[in-house]
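Remarks on the structure that follows.
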Protein chains: 2
Amino acid sequence: MGRRRPDTPTLEEVAARAGVGRGTVSRVVNNAAGVRESTRQAVQQAIAELGYVPNLAARTLAGRRADAVALVVTEPDWRLFAEPFFSEIVSSLGDALADTGMQLLLTMVRSDTERKRFLEYARGGRVDGALLVSVRADDTLPDMLAEARLPTVMLGRRSGDEHVSYVDADNAGGARSAVTHLLATGRKAIATITGPLDMYVAQSRLRGYRQGLAAAGLSTDASWIAEGDFTEESGRHAMARLLARHPEIDAVLAASDTTAAGALRELRATGRRVPEDVAIIGFDDFPLAEQTEPRLTTVRQPLAEIGRAMVRLLLEELEEPALAWRHVILRTELIRRDSA
Amino acid sequence: MGRRRPDTPTLEEVAARAGVGRGTVSRVVNNAAGVRESTRQAVQQAIAELGYVPNLAARTLAGRRADAVALVVTEPDWRLFAEPFFSEIVSSLGDALADTGMQLLLTMVRSDTERKRFLEYARGGRVDGALLVSVRADDTLPDMLAEARLPTVMLGRRSGDEHVSYVDADNAGGARSAVTHLLATGRKAIATITGPLDMYVAQSRLRGYRQGLAAAGLSTDASWIAEGDFTEESGRHAMARLLARHPEIDAVLAASDTTAAGALRELRATGRRVPEDVAIIGFDDFPLAEQTEPRLTTVRQPLAEIGRAMVRLLLEELEEPALAWRHVILRTELIRRDSA
DNA sequence: ATGAAAGCGCTAACAA
DNA sequence: TTGTTAGCGCTTTCAT
């Protein structure tokens, strides 16, 4: 099997050529202070002449960081990765990491084999930290990474008492404000289509819906709630169920933008006018993506902000020993693109 | 900045605890032959008790491989990554790599900074090889990697005389067979919508279209050719242009499935019946994805096969010094899902 | 400001 | 079969 990297010049050879010691070359390479300008020049020339490239394994071994962080997508159905939501997040993490000098390594964990392989990789010290997205409620990967003392930050939490560090949007607050907005504009019969209720994010949004109604002194009836799974298909079906139960519905809070699109389609198919008859609000996961449906009022989650916050948290954990978990909840924003 | 991995037990400590030499522990960890069963047991127990995890940097430095390969997406507009085509390819590469024990690291190269960072990473020896997708014709990254003697395999080629190793589909052959099929079923006025003609893949498909016509003794007129960019939007516009020039069109060869969908939509919008009036054939880049449009005859590219071939090539280059470039052209398949 | 030297944790070649 | 040893290429004190 094995294969060795060919004829790569080493730091020592550079030192010899430049007529200096290894330490000096090291200082120049890492542009540390305390090197006379003329010396630096000489070393840099030697580096250029030899085409020297530092060996990262040696550097890591010698005690410094791996200068890389892993973005782990624990999604068994990798096709779901082909959603604007993901590319948006990946992109924003890349931006946020851009000037830290770290490599962003995207790794997919679809199976137990891959999970094991990644754990070895991470515990083996090849990354300085891990960013996790799409973590399921029963996934223990975050705990294992945390136990290995690897700085770890999740997008979203697995439950109400999550301990591992995470960044989340204020889902309950967003849903609450959406309902409040709907009530303020005169809507009276507000239903909701949730995400899969074994996911904390879906539970939170449902809770916000309930809070919004409760704040107006309204009671919550289970018949106004239909569970979906974030897909458009499920949005249509859920909408159909709700209409069958309550033809008088005049507003719907959907679990996501995609779900909202499904609901909207179903409404139109049944002859309702949107948003005149029925107002729809969904969570906008991918603000930059084009919409096939006309924009309605939306609870916007600041994805770019989320990416930035995740990186910030990770860097913090990198600096100081992780004495505590850090959590950041980002405010959502109600965007009116259309009179609802 | 710096941060050290805490209290990680080393191979030496394991050896001490198991009462054996370091070499023996190394053999057990890499399950090499030549270790008495009882010894192996003892070592493994010590490993378990100490929670030992091998330091990958040290392993790499000591001469073995990095046990990781990079999948590089050189796509400035990262949103394009949110296409079934990509997730399909990534997934298939992951599968193909599954039992090699290597980590697949997805890295995005959107800017010069990222390109530079990745180059350092790769030349630094942190990956054993690189797989490149969506490489533009004028991108020199493949050459730089090759010069660094890093095994490199591309999906597709940049030009007709590509030298760096690649795996490609037989685009010309596929287009040719599509045209031949159309002619055989009685179509006479066959137009084509191409991809961006500064991409070799688009050129190849156009060439195949011409060859198919030429084989039947038909001449090719530029007015039957409209350039698109693989998107649905461009498919619609191109179709509109073609219809304006040649209302008698009875068949279209589109550059991709997405383009075909656009053309189809435009045709329907203008009242044509598809596929009765007009037959459409596109290249199917993502056979598993759901289609919004009813399936028509398609030139199918075996994406899973392409992934497997890329990994195979990479492994070959890993084994032996790369004395030569290796190229694999995979046959496409004409799939009739609907009478055209 | 700079050189010398001591590891970092592992693999592999060589003894025993 | 197993222990010992010599590096892999770099960072980082510690002298100078």
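Proteins come first, then strands; the chains are lettered A, B, ... in the order of their sequence lines, and each starts at number 1.
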Point to revise | Residues touching DNA chain C, which here means a heavy atom under 4.0 Å, drawn from residues 32-44 of chain B | key: none

Review point. Taking the side chain of A:R59 as heavy atoms from C-beta outward, which of D:dG9, D:dT11, C:dG9 is closest to it?
Key: D:dT11

Point to revise | Side chain of A:V20 - closest among C:dG3, C:dC8, D:dC10 | key: C:dG3

Nucleotide [N], atom [atom2] - distance to [atom1] of [X] in whole Å:
X: B:E12; N: C:dT11; atom1: CD; atom2: P; answer: 13 Å
X: B:D67; N: C:dC10; atom1: CG; atom2: C1'; answer: 13 Å
X: A:R126; N: C:dG9; atom1: CZ; atom2: P; answer: 15 Å
X: A:L61; N: C:dG7; atom1: CG; atom2: P; answer: 14 Å
X: B:N55; N: D:dC10; atom1: CG; atom2: C1'; answer: 13 Å
X: A:Y52; N: D:dG9; atom1: OH; atom2: P; answer: 10 Å
X: A:L11; N: C:dG3; atom1: CG; atom2: C1'; answer: 13 Å

**Study point:** Option from A:L119, A:V135, A:T152, A:V164 for which side chain to side chain contact (heavy atoms under 4.5 Å, CB included) with A:L141 holds
**Key:** A:L119

Scan nucleotides 12-16 of chain D against the protein and return all N/O pairs shorter than 3.5 Å with their distances rounded to 0.1 Å.
none

Practice item. Give B:V29 one of three labels, base, sugar-phosphate or nothing, depending on what nucleic acid heavy atoms sit under 4.0 Å from its own. Key: nothing

Practice item. Check whether any side-chain heavy atom of A:N55 lies under 4.5 Å from a side-chain heavy atom of B:L61, and answer yes or no. Key: yes

Review point. Can a salt bridge be assigned to the pair B:R326 and B:E317 using a cut-off of 4.0 Å between side-chain N and carboxylate O?
Key: yes

[Y] versus [X], side-chain donor and acceptor atoms under 3.5 Å:
X: A:R110; Y: B:S91; value: yes
X: A:T107; Y: A:R117; value: no
X: A:Q45; Y: A:E49; value: yes
X: A:T60; Y: B:R126; value: yes

Review point. When B:R158 is tested against each of B:D138, B:D143, B:D139 for salt bridge (Lys or Arg N to Asp or Glu O under 4.0 Å), which residue passes?
Key: B:D143

